[in-house]
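Structure first, commentary second.
Remember, it's 1-based here, ligands and their atoms both numbered in the order they're listed.
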Amino acid sequence: MTNNEIQALLEEMTFQEKIGQLIQLPGNFYDLNGEITGPMNELDITEEIIHNAGSTLGFTGASNVVEVQKRHLKNSRLKIPLLFMADVVHGCETIFPIPLAMGCAFNPEAAYVSADVAATEAYVSGCHVTFAPMVDLVRDPRWGRVIESNGEDPYLNKLYASAQVEGFQKDLKEFSVASCVKHFAAYGAPEGGREYNTVDISKVSLYNEYLPAYKAAIDAGVKLVMTSFNVLDFVPASANSWLMRNVLRDEFGFDGVLISDWGAVEEVINHGVAADKKEAALKCLVAGVDIEMSTSCYVNNLEALVNENKVDSKLIDEAVLRILTLKNDLGLFEDPFRGCTTALEKEFTMCEDHLEKAYQVASESMVLLKNDQVLPLKNDAKVCYIGPQLIETKLLGAWSWKGRFEDVVTIKDGILKHQPEALFYENMNIEYCSEEQMVEALEHARGQDYVVLALGEPMSQGGEAASRSSISLYDWQIKFVELAKARNFKVIVTLNNSRPLDLTPIIDHCDAILECWYLGTRSGDVIADALFGKINPSGKLAMTFPRNLGQVPIYYNCLNTGRPYYGEAGYFSRYLDVDNSPLYAFGYGLTYSNFKIKNILLDRQVMTEDQVVKIVVDVENMSNVDGKEVIQVYLRDLSADVSRPLKELKRFKKEVIEAHTTKRFEFELSVEDFKYYNHNLEYKADLGMFMIYVGNSSDNCQEFTLELK
Ligand code: GLC
């Protein structure tokens with residue numbers, strides 16, 4: 001339809017038909033298999049509203065969707081199609097690694113591939129919109145949803161946000177879905193890492209650290225934005241006109257659909273910023289929320305608010321027009337079924353190509369944290385594999401919705417492909433194991449040279465409403481690593497976890513640690529192939545691993561403070577009981593190769609605003625194992641309008657370096673890379689002295705000075 005035809009349709013709609021477009025009903029209003037991903041409130045809505053509802057969420061399936069769409073259109077006087085939305089975050093049925101793991105790939109192309117495949121499988125199963133990417137910057141591993149983020153760095157998150165929006169939307173051509181970036185804004189900064197807790201950050205931090213990834217998604221053409229549950233400046237995001245009108249619409253130029261998170265409109269009451277559902281509806285509509293997800297404040301109160309002249313009906317027309325425009329952009333008026341058929345669904349879902357891509361992305365997402373010359377294993381190595389994760393199929397991550405555990409390749413499956421006669425001890429409970437059983441397991445391993453201990457935290461410990469007040473391994477797992485080492489085995493630990501964990505208690509008792517996160521459908525193949533060297537790990541941490549919980553929040557791009565600590569006693573910013581450095585830093589990760597940075601050259605030490613500084617890095621692979629290295633470039637503004645981070649990631653490149661060869665990495669920085677939001681929220685660069693850091697981890701860099709004149 002043309003824009004004029006959409007406008008004409010809007011003018012033909014009754015008031016009830018208009019407000020019907022503003023509600024999103026949970027899937028089980030249409031299909032008992034609907035996924036419930038939030039508290040079901042008593043919606044108390046009329047049959048007329050259900051027939052005029054604009055969208056639903058939480059169920060797909062080609063035949064399901066076709067059936068429901070047909071019924072819906074029959075009940076819709078103006079034949080306005082229903083929008084089907086779902087949480088297709090890191091895969092639809094073919095599940096890719098959790099986004100935090102993909103962030104460790106330091107490869108936005110991996111995120112694009114994940115989104116592209118997810119969109120294809122979502123499209124053929126009748127999904128029109130995905131509630132992804134989640135681009136919330138995270139710094140607190142207690143929060144369960146770090147699993148869903150690409151990590152603690154604004155630059156990496158920006159690149160991943162753009163890549164995912166492009167991978168999902170593909171210009172809304174065939175095999176695409178509209179993308180909904182979330183959660184706007186700064187949901188990833190809850191106090192104490194406690195889910196849904198208060199967010200209270202400065203505008204300087206908001207603009208410089210938390211907003212860039214949302215902005216990148218908007219600049220990439222994202223069609224929807226989802227509000228966050230938290231307050232900002234003590235105003236709930238869904239009712240926050242400054243955030244949604246001034247920043248999102250006016251400054252960022254977003255003209256798409258703004259949808260609330262599940263129940264977030266009604267929760268304005270819980271926040272104490274609305275007396276009742278009527279006031280919640282008023283504040284959120286004025287703030288610019290177009291679609292109310294899974295609560296009915298709008299549909300049950302907007303008529304009264306208009307009649308009482310408390311709401312300008314123009315606001316409702318604007319919201320409805322954005323929703324109709326989205327449906328039109330998706331081609332739903334021409335084809336309400338948008339090409340989904342069971343034949344296509346069968347052809348593309350979990351197809352070989354998708355499974356191979358899931359393997360490739362997962363192969364880049366593991367991080368080798370420690371390796372004292374024990375990995376990779378030889379195929380004839382004498383190993384006993386022990387641990388609850390060996391046969392665990394719940395390796396998909398918390399937002400893997402349609403992924404099926406029965407499709408998962410377990411770690412044991414993967415190992416048997418390398419060692420068909422391998423020795424296993426697998427019947428263990430991940431949360432508790434008696435010392436007797438640990439001794440029995442190690443007795444079972446007697447005579448072997450290595451033990452591989454498959455440990456971690458259960459998948460249920462991550463995701464929404466899954467914050468933990470501790471980031472420790474289970475006590476028995478710590479004890480078990482100690483017992484294994486005491487028996488002189490070479491101890492290799494593989495970890496499946498949703499968040500950075502406190503690994504300090506085990507690092508001196510194990511010879512290798514492979515951080516495997518949740519790698520999705522192909523987990524077992526990838527982990528086993530990494531253990532035996534078919535995959536050479538190349539991941540770098542996208543989120544800091546602390547020495548202990550007491551250091552949290554701890555992140556690489558922190559400020560220097562007025563009394564930085566350099567190791568000596570006295571009045572400095574430090575703890576008495578632990579060093580300020582993390583256990584494993586942002587950007588850190590080992591490999592089976594042996595890379596050496598041979599030289600780093602900057603083509604200038606003084607730069608004017610119309611120039612660029614070129615950085616050349618030559619890296620030699622001194623081993624006989626081809627591998628991938630990630631060279632990182634960081635910047636520090638030594639004298640700025642506001643205090644600036646000790647390091648800010650500005651460039652990175654991941655390149656294959658073949659055995660016994662040298663690869664040249666080249667980077668350029670322009671004045672754009674020196675800009676930031678100052679105390680007046682002006683986006684500017686300072687003239688003066690800067691440090692440039694170049695290396696293969698945020699804590700392993702060579703430093704250079706540069707003057708911007
Ligand atoms: C949940 C999540 C959000 C998700 C939505 C729909 O509460 O916060 O990320 O997209 O509900 O399932």
Quick check on contacts: which atoms of ligand 1 are under 4.0 angstrom from a heavy atom of F229? 7 (O), 8 (O)
Is a salt bridge present between K18 and D317, judged by a nitrogen-to-oxygen distance below 4.0 Å? yes
When you measure from the heavy atoms of M226 to every atom of ligand 1, does any distance fall below 4.0 Å? yes
Please determine if R145 and E464 form a salt bridge, counting it only when a charged side-chain N lies under 4.0 Å from a carboxylate O. yes
Interfacing atoms of ligand 1 (cut-off 4.0 Å, heavy-atom, H183): 3 (C), 8 (O), 9 (O)
For ligand 1 and K182, I'd like to know whether there is a polar contact (N/O to N/O, distance under 3.5 Å). yes
Below 4.0 angstrom, N of the basic side chain to O of the carboxylate: do R468 and E457 qualify? yes
Using a 4.0 Å cutoff against the non-hydrogen atoms of L57, which atoms of ligand 1 qualify? 6 (C), 12 (O)
Any atoms of ligand 1 less than 4.0 Å from a non-hydrogen atom of W262? List them with their elements. 7 (O), 11 (O)
With sequence neighbours excluded, tell me which residues meet side-chain contact (heavy atoms from CB on, under 4.5 Å) with A213. V135, N157, A161
Should D87 and K182 count as an ion pair when the cut-off is N to O under 4.0 Å? yes
Please indicate whether any nitrogen or oxygen in W399 is less than 3.5 Å from any nitrogen or oxygen in ligand 1. no
Between M134 and ligand 1, which part of the residue brings a heavy atom under 4.0 Å of the ligand: side chain, backbone, both or neither? neither
Going by distance only, is there an N or O of D261 that falls short of 3.5 Å from an N or O of ligand 1? yes
Students often mix this up, so state it plainly: with edges at 30° and 60°, are the rings of H183 and F229 parallel, tilted or perpendicular? parallel
For ligand 1, is M85 a contact, meaning one of its heavy atoms is under 4.0 Å away? no
Excluding sequence neighbours, so at least two apart, what forms side chain to side chain donor-acceptor pair (under 3.5 Å) with N328? none
